[in-house]
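When reading the values below, keep in mind they use all heavy atoms of this one structure, side chains included, and skip hydrogens, waters and symmetry mates.
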Amino acid sequence: MRVPHHPELGVLVLGGAGVDTIVQVPQLPLPYADSHLVPAITTRAGQTGDFLALGLHALGLPVHHVDVLGDDPEGALVRALHETSGIAFTELPSSTGTKRAVNLVDPAGRRLSLYDVSRGGEHDRFPEPLLAELAAGCRHVHVCITHPGAYALARLADLAVTVSTDLHNWDGENPYHEQFAAAADVVFVSATALADPEAALRRVLALGRARIAVATDGDRGGFLLTRDDGTVRRFAAVAPPRPVVDSNGAGDAFAAGFLYGLLTGLPPERCATYGAIVGAHACTVAATEVDPLDRSALLARAATF
C-alpha cells in the first residue's frame with residue numbers, strides 16, 4: 001500500500017486504534033449482583049493510539065496514524081473519528097476485527113478496562129515498505145504496545161528516526177513490555193503496577209537505547225530519569241482546571257504534552273510540566289467526549305508555572 005509523501009509529517013503513531021464501550025457505574029469495585037442499573041452506556045472510538053494522535057494534533061503537530069481495522073461497525077467509528085478530527089490515517093485489514101474494550105467508570109473518574117483479546121493479535125503486521133515510507137517523512141515515531149507495533153520494532157531500529165512508547169501498566173518485569181522499552185528513545189509507564197518506580201526507570205535506561213524514562217503517578221505527579229542526568233527526579237502533578245470526571249486517556253494526554261515539549265526543544269523537566277498540564281485537562285473530559293487541550297491553552301497554562 002502506498003500513501004502520499006508527507007515532508008512535514010511530525011509524528012507517526014503506530015497502533016492503538018480501537019473502540020471503547022463506556023459504562024458509568026456507581027462505584028468501583030462493582031459489588032456482585034445479578035444486575036445493576038447504570039446512568040449510561042456509550043460506545044465511541046478512541047484507544048491509546050487514537051488519544052495520542054488527537055492530543056498531538058490539537059497541539060499543532062502534524063500526525064499520521066497507522067493501524068489494522070476490521071470491516072465492522074467499530075472500524076467505521078475509528079474511521080469517522082479520524083476524518084472528523086482531520087488526522088491522516090492509514091488502515092490495514094484485520095480479519096479478527098477492530099480492537100475493542102469495555103471501560104467501567106465510577107463517579108470519581110476511576111476506571112476499570114476490559115480488553116477483548118479476540119480482536120487483533122500476533123498475525124497483524126505493518127508492512128515494512130509502508131513503515132519505511134512513512135518514517136522517512138517524519139521526525140518521530142510513537143509505537144503502541146499492540147502486536148503490530150511489536151513486529152515493527154526491528155524495522156524501526158534500522159531507520160533514522162527517534163522512537164517513543166508507553167508501557168502503560170508494566171510491572172517492571174514482563175518481557176513483552178520490555179521489548180518496547182529496549183527499542184525506544186523515550187519511554188512512558190504508569191507507576192500503578194510498579195513496586196519500585198525508580199528501579200524500573202533505571203532498568204529501562206540500562207537496556208541501552210532510552211535516554212528519557214518517565215513514570216506517571218496520577219495526582220502524585222511522577223518520576224523522571226534522563227541519561228544525561230542519571231538522577232531520578234520527582235515532578236509535581238498539576239491541579240485539574242475543572243472537576244475530575246474520567247481518568248481514561250490521561251496517560252496518553254500526558255505523553256502528547258511531553259512529546260510536544262520535547263519536539264519543540266524543551267528540556268525534559270519542562271516537558272514533564274507540559275505533560276502534567278495536558279494530562280490534568282484530560283481528567284476533566286468525559287470519556288464519551290473528544291476535547292483535547294490545544295496549543296494556545298497549553299502555553300497559557302504553562303506560563304503560570
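In this structure, Leu56 and Leu259 have side chains that are in contact, with non-hydrogen atoms separated by less than 4.5 Å. Looking at heavy atoms from C-beta onward, Thr192 lies out of side-chain contact with Thr216 at the 4.5 angstrom threshold. A 4.5 Å side-chain heavy-atom check between Val204 and Glu178 finds every atom pair outside the cut-off. Residues Val161 and Cys138 meet the side-chain proximity criterion, which asks for heavy atoms closer than 4.5 Å. Side chains of Asn103 and Val23 form no contact here, defined as non-hydrogen atoms less than 4.5 Å apart. Asp252 places none of its side-chain heavy atoms less than 4.5 Å from the side chain of Gln47. For the pair Arg111 and Leu104, the minimum side-chain heavy-atom distance is 4.5 Å or more. Side-chain contact between Arg119 and Asp72: present, with at least one pair of heavy atoms (C-beta onward) separated by less than 4.5 Å.
A side-chain donor-acceptor contact under 3.5 Å links Asp196 to the backbone of Ala199. Of the possible donor and acceptor atoms, none in the side chain of Ser94 sits under 3.5 Å from a partner among the backbone N and O of Leu69. Under a 3.5 Å cut-off, the side chain of Arg211 and the backbone N or O of Val186 do not form any donor-acceptor pair. With hydrogens and angles ignored, the 3.5 Å screen pairs a side-chain donor or acceptor of His65 with a backbone N or O of Gly15. At distances below 3.5 Å, at least one donor-acceptor pair connects side-chain atoms of His57 with backbone N or O atoms of Ser85. In terms of modelled atom types and a separation under 3.5 Å, the side chain of Thr21 and the main chain of Thr43 share no donor-acceptor contact. A distance-only check finds no donor-acceptor pair linking the side chain of Tyr260 to the backbone of Arg295 [under 3.5 Å]. Under the 3.5 Å distance criterion, the side-chain polar atoms of Thr42 are left unmatched by any main-chain donor or acceptor of Ile22. In terms of modelled atom types and a separation under 3.5 Å, the side chain of Arg233 and the main chain of Leu225 share no donor-acceptor contact. Checking side-chain atoms of Arg234 against main-chain N and O of Gly222 turns up a donor-acceptor pair under 3.5 Å.
Ring pair Phe254/Phe188 is perpendicular by interplanar angle, where above 60° counts as perpendicular and below 30° as parallel.
When hydrophobic clusters are built by joining Ile, Leu, Val, Met, Phe, Trp and Tyr residues whose side-chain heavy atoms come closer than 4.5 Å, directly or via intermediates, Leu54 is not grouped with Leu77.
Contact between Ala53 and Val63 at its shortest, heavy atoms only, is CB-CG1, 3.9 Å. Nearest heavy atom pair, residue Ala210 against residue Val187, reads CB-CG2, 4.1 Å. Taking both residues in full, the closest heavy atoms of Asp291 and Val285 are given as O-CG2, 3.8 Å, listed atom of the first, atom of the second, then distance. Here the shortest heavy-atom pairing between Ala181 and Leu207 reads CB-CD1, 3.8 Å. Residues Leu298 and Tyr274 come closest through the heavy atom pair CD2-CD2, 3.7 Å.
Annotation: cation-pi pair Arg79/Phe89 absent, no NZ/CZ under 6.0 Å from the ring centroid and within 45° of its normal.
Inspection of the Asp228 and Thr226 side chains reveals no N or O donor paired with an N or O acceptor under 3.5 Å.
Each of Phe126, Tyr176, Phe180 was scored for a ring pair (Phe, Tyr, Trp, His ring centres under 6.0 Å) with His147, with one residue passing: Tyr176. Of the residues Thr162, Asp166, Leu12, the one that meets the side-chain contact (heavy atoms from CB on, under 4.5 Å) test with His142 is Asp166. Paired with Lys99 under the rule side chain to side chain donor-acceptor pair (under 3.5 Å), one option of Thr146, Asp124, Asp67 passes, and it is Asp67.
For Glu173 and Arg203, the salt-bridge test fails: no basic side-chain N is under 4.0 Å from an acidic carboxylate O. Here Asp20 pairs with Arg44 in a salt bridge; the nearest charged N to carboxylate O distance falls below 4.0 Å. Ion pairing between Arg209 and Asp185 holds under the 4.0 Å rule for side-chain N and carboxylate O.
With rounding to the nearest 0.5 angstrom, the CG atom of Leu262 is 4.5 Å from the SG atom of Cys271.
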